[in-house]
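Some notes on the structure that comes next.
Only a predicted model underlies this, so the values are computations on that prediction, with no experimental measurement involved. The residues of the chain are indexed from 1 along the displayed sequence.
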Amino acid sequence: MDPQVLVSNAGTYEGSQFVPLPGHVRKRMAGAVDVGPANPDERVSVTLVLRRRSPEQLEATITSLQSLPPSQRKHLTRDEFSTCHGTDPQDIEKVRSFADAHRLVVEQVHAAAGTALLTGSVADINRAFQIDLRTYQHPKFSYRGHAGDVHVRSWATW
């Protein structure tokens, strides 16, 4: 299989269709050579960027704050920001369920930042996101990566 074009079989898992994640198609770095699959037992981390409760409301809040002189701005605490603009707890629970179903560990969740850090073996990450992590040799360094789409469950594309 040409590592520049990874075609992944979109399948179902617990009734949820896997779909390509828009904007996340990867290509092999120019000058890099595919030297084989990544070690399936190696541990890797993935940071997920989660949707905010109301991106429109966050944008309106920022615009409103920008229109005021600094001395008149009322800034939210971290907890207030997380409650108003962070990731919905139901979405975080979906990520936790997804991680459990794919033998991944949720290392950190930052609701206010809208991120979740998952770790697992290369083999489990490959299955969870329907990718094929490979080892590449560039003239100046080696790296692990994939070519093609990252796939997620359809509920995760919101």
When you group the ILVMFWY residues by side-chain heavy-atom contacts below 4.5 Å and let the links chain together, are [Y] and [X] in the same group?
X: V152; Y: V106; answer: yes
X: V150; Y: V95; answer: yes
X: L118; Y: L21; answer: yes
X: L76; Y: I62; answer: yes

In terms of heavy-atom contacts, does [atom1] of [X] have more than 12 from other residues, nucleotides or ligands at under 6.0 Å?
X: R78; atom1: CZ; result: no
X: E59; atom1: CD; result: no
X: Q90; atom1: CD; result: no

Is any side-chain heavy atom of [X] closer than 4.5 Å to a side-chain heavy atom of [Y]?
X: Q130; Y: F18; result: yes
X: R28; Y: R134; result: no
X: P69; Y: Q72; result: yes
X: L133; Y: I131; result: yes

| task | Just do the side chain to side chain contact (heavy atoms under 4.5 Å, CB included) check on E80 and T77 with the steps written out, would you? | result | CA-CA 5 Å; E80 290 170 332; T77 66; 3.2 Å; yes
For [X] against [Y], the heavy-atom pair lying closest together:
X: S54; Y: H85; result: O-ND1, 4.4 Å
X: A38; Y: T135; result: CA-OG1, 3.6 Å
X: D132; Y: H146; result: O-CB, 3.6 Å
X: M29; Y: Y143; result: N-OH, 3.0 Å
X: S64; Y: S67; result: O-OG, 2.6 Å

| field | Verdict with supporting geometry, S121 and D124, side chain to side chain donor-acceptor pair (under 3.5 Å) | value | CA-CA 5 Å; S121 70; D124 291 335; 3.2 Å; yes
Under 3.5 Å, side chain of [X] to main-chain N/O of [Y], donor-acceptor pair present?
X: R73; Y: L68; result: yes
X: H102; Y: L104; result: no
X: R52; Y: A112; result: yes

| request: Might you work through the side chain to side chain contact (heavy atoms under 4.5 Å, CB included) test for D41 and V122, ending with a clear yes or no? | output: CA-CA 6 Å; D41 298 322; V122 164; over 6 Å; no
| said: Between the side chains of R51 and D91, is the shortest nitrogen-to-carboxylate-oxygen separation below 4.0 Å, so that they form an ion pair? | reply: yes
| said: With a 6.0 Å cut-off on the ring centroids, do F141 and Y136 count as close? | reply: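 No; Y136 has its ring centre 6.0 Å or more from that of F141.
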Rounded to the nearest 0.5 Å, what separates atom [atom1] in [X] from atom [atom2] in [Y]?
X: T119; Y: R103; atom1: OG1; atom2: CZ; value: 12.5 Å
X: D88; Y: K94; atom1: CG; atom2: NZ; value: 8.5 Å
X: I92; Y: H110; atom1: CD1; atom2: NE2; value: 10.5 Å
X: Q137; Y: D34; atom1: CD; atom2: CG; value: 11.5 Å

| task | Show your working on side chain to side chain contact (heavy atoms under 4.5 Å, CB included) between T87 and R53 and close with a plain yes or no. | result | CA-CA 6 Å; T87 301; R53 285 177 209 254; over 6 Å; no
| said: Apply side chain to side chain contact (heavy atoms under 4.5 Å, CB included) to residues V105 and R43 and explain how you reach the verdict. | reply: CA-CA 11 Å; V105 176; R43 304 290 297 173; 4.3 Å; yes
